[in-house]
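First the proteins, then the strands, lettered A, B, ... as listed; each starts at 1.
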Protein chains: 2
Amino acid sequence: MKKIDILREEQTRTDIIATAQKLFQKYGIDKTTMDDIAREVGKGKSTLYYYYTSKEEVFYAVVNKEKDEVMKSIKKTISNLESPSEQLKTFFLSHFNELKHKINLYSVILQGNVKKHIDLFGRIQKENISSEIEMIKEILLKGIKNGEFKNIKEKDCEDIAIICVTVIQGLDSSIIFFKDEAQKELRIETATDIFIKGLQYRRQK
Amino acid sequence: MKKIDILREEQTRTDIIATAQKLFQKYGIDKTTMDDIAREVGKGKSTLYYYYTSKEEVFYAVVNKEKDEVMKSIKKTISNLESPSEQLKTFFLSHFNELKHKINLYSVILQGNVKKHIDLFGRIQKENISSEIEMIKEILLKGIKNGEFKNIKEKDCEDIAIICVTVIQGLDSSIIFFKDEAQKELRIETATDIFIKGLQYRRQK
DNA sequence: AATAGACTCAAATACTAAATTAGTCGAAAG
DNA sequence: CTTTCGACTAATTTAGTATTTGAGTCTATT
């Protein structure tokens, strides 16, 4: 296979995903048909199946692309910060802001039968969380090495990263639950501060 | 109305709720009919409507009774502890244990059409959270007064209590998501410790 | 005041036929 | 030898309808 072909294949995949993204966002996963996507791309439906094995795979690819973009953006923001504490805080807040932007979006995409795609959504969530855990682990490790996080040991990084993600999840769900928009931002910040302070000071026992 | 009548009315209410609880746990909210409950109580269906205005009200009363029992139990456990830090930690862990016990239970109860009862569930969750916030606020206040929580001010208690509840929510959801049973308990404890440490040490800025 | 039995109407269920659509296959184009 | 297409099939969804169920009401009775 020549190099030019690989590029062309990539281009087609990109087209498909971009179109699929547009349609999924507009109509949701169930109301968007493979024919819809194919027509919009200007290809036959079978062509889609040449590149992706199923509609769920297409959906997965769309979401994955978005995830990569978000992670890349956060990574970039973080790379400008010196201290791991600041980095971690920024991660918490960025996550919150991303969610705020995407919350309406995803409620459209996921409209309809959630049960039907429960395995897919589970897989997506799992991989999202994995990426986040990896990133947080890096931050924690740096913080341990430079002495900012006195309360934790290197071997516990994985667990603490998991804890960070679950705490973030809790804060996220409060976006949906508590309505007072003004307070929210501040509260997320306070929570983050408390948590990070907890990492900084050495545990007694 | 005579005193004896009030007692009898209370007894009937208690019977209804106990029976309803049993049936809801077994068949879920939708598959349990008001006739089922009435038959089991040994009364006519209309009698239920004499005491409760709707099936959702009966369900609400059942869940509320359970909530009261749980809160009372936690309160009792906590009252034996001296330090607010210990109390808060115990609250976190008790919440976790309660959830672990009830998780299978509630997945049965809520089976079926969740969307249909979304308002009811929202109301229940809201009141659950309110009770917990109140309780946590008391603990925090004591901790501020005795100097254990150096990082927070009295006027922020409400917000911090809300944060506690959201953090707990995050930890709770990890019960469902992460499967490694052995690690879970430990992780919850670690998370709690970190968070409480964060409350104890004074913020710089 | 408390209960029951008969009643109503809205909603859930069950069934069916018709239409859509996910996914396959073999052939054709480049 | 990669990429595309159009026709095909099998599965799923939708739409329409008939039937049953069950929440909530009403009236009568104790």
A.B. asks: Is it the case that the side chains of E132(B) and N128(B) hold a donor-acceptor pair, with the cut-off being a distance below 3.5 Å and no angle test?
C.D. replies: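 N128(B) vs E132(B): no donor-acceptor pair found between side chains.
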
A.B. asks: Does E57(A) come within less than 4.0 Å of R123(A), counting only side-chain N to carboxylate O?
C.D. replies: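 Salt bridge between E57(A) and R123(A), a charged N being under 4.0 Å from a carboxylate O: yes.
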
A.B. asks: Respond yes when some side-chain nitrogen or oxygen of T47(B) is under 4.0 Å from OP1 or OP2 of dA4(C), and no when none is.
C.D. replies: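 It does, given that an N or O in the side chain of T47(B) lies less than 4.0 Å from OP1 or OP2 of dA4(C).
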
A.B. asks: From CD of E10(B) over to P of dA1(C), roughly how many Å is that when rounded to an integer?
C.D. replies: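 Taking CD of E10(B) and P of dA1(C), I get 16 Å after rounding.
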
A.B. asks: Just to be sure I understand the rule, does K116(A) reach a base, reach only the sugar-phosphate, or reach nothing, if contact means heavy atoms closer than 4.0 Å?
C.D. replies: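 It contacts sugar-phosphate atoms only.
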
A.B. asks: Between K72(A) and E69(A), is there a side-chain N and carboxylate O pair less than 4.0 Å apart?
C.D. replies: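 No, this pair does not count.
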
A.B. asks: Is there a donor and acceptor pair closer than 3.5 Å between the side chain of K43(B) and the base of dA4(C)?
C.D. replies: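 A donor-acceptor contact between them is absent.
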
A.B. asks: Return the nearest nucleotide to the side chain of M34(A); candidates are dA22(C), dA23(D), dA4(C).
C.D. replies: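 Side chain of M34(A) sits closest to dA22(C).
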
A.B. asks: Can you check whether Y51(A) has a side-chain N or O nearer than 4.0 Å to OP1 or OP2 of dT4(D)?
C.D. replies: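 Answer yes for this pair, as a side-chain N or O of Y51(A) is under 4.0 Å from OP1 or OP2.
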
A.B. asks: Could you tell me how far apart E57(B) (CD) and dA23(D) (C1') are, to the nearest whole angstrom?
C.D. replies: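 Rounded to whole Å, this separation is 14 Å.
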
A.B. asks: At less than 4.0 Å, is any side-chain N or O atom of Y50(A) found next to OP1 or OP2 of dT4(D)? Yes or no.
C.D. replies: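 For dT4(D), OP1/OP2 do not have a side-chain N/O of Y50(A) under 4.0 Å.
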
A.B. asks: Could you tell me the separation between the CZ atom of R13(A) and the C1' atom of dT4(D), rounded to a whole number of Å?
C.D. replies: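 To the nearest whole Å, that distance equals 15 Å.
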
A.B. asks: Rounded off to whole Å, could you give me the CZ-to-P distance for the R39(A) and dA22(C) pair?
C.D. replies: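 After rounding, the reported distance stands at 11 Å.
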
A.B. asks: Specify the separation, in whole Å, of atom OH of Y27(A) and atom P of dT13(D).
C.D. replies: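 Atom OH in Y27(A) sits about 21 Å away from atom P in dT13(D).
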
A.B. asks: Are F59(B) and F24(B) close enough that their ring centers fall under 6.0 Å?
C.D. replies: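 Between F59(B) and F24(B), the centre distance is under 6.0 Å.
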
A.B. asks: Measure from OH on Y52(B) to P on dA2(C) and round the result to the nearest Å.
C.D. replies: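 Result: 13 Å.
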
A.B. asks: Taking the nucleotide of DNA chain D with the closest heavy atom to each, which residue, K31(A) or Y49(B), is nearer the 5' end?
C.D. replies: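 Counting from the 5' end, the first nearest nucleotide belongs to K31(A).
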
A.B. asks: Would you mind classifying the nucleic acid contact of T53(B) as base, sugar-phosphate or nothing, using non-hydrogen atoms under 4.0 angstrom?
C.D. replies: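 Counting heavy atoms under 4.0 Å across all strands, no contact is made by T53(B).
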
A.B. asks: Would you kindly compare K45(B) and E56(A) by the position of their nearest DNA chain C nucleotide and give the one closer to the 5′ end?
C.D. replies: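 The answer here is K45(B).
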
A.B. asks: Provide, to the nearest angstrom, the distance between the CG atom belonging to L48(A) and the P atom belonging to dT3(D).
C.D. replies: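 Checked: the CG to P distance equals 14 Å.
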
A.B. asks: Let's go through Q169(B) and S173(A) carefully: what are the C-alpha distance in whole Å and the side-chain angles of both, what is the deciding distance for side chain to side chain donor-acceptor pair (under 3.5 Å) to 0.1 Å, and is it a yes or a no?
C.D. replies: CA-CA 8 Å; Q169(B) 267 177 9; S173(A) 71; 3.1 Å; yes

A.B. asks: T33(B) has a side chain; which of dT25(D), dC25(C), dG22(D) sits nearest to it?
C.D. replies: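 Closest nucleotide to the T33(B) side chain: dG22(D).
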
A.B. asks: For I29(B) and dA12(C), what is the distance between atoms CD1 and P respectively, to the nearest whole Å?
C.D. replies: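 It works out to 13 Å between those atoms.
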
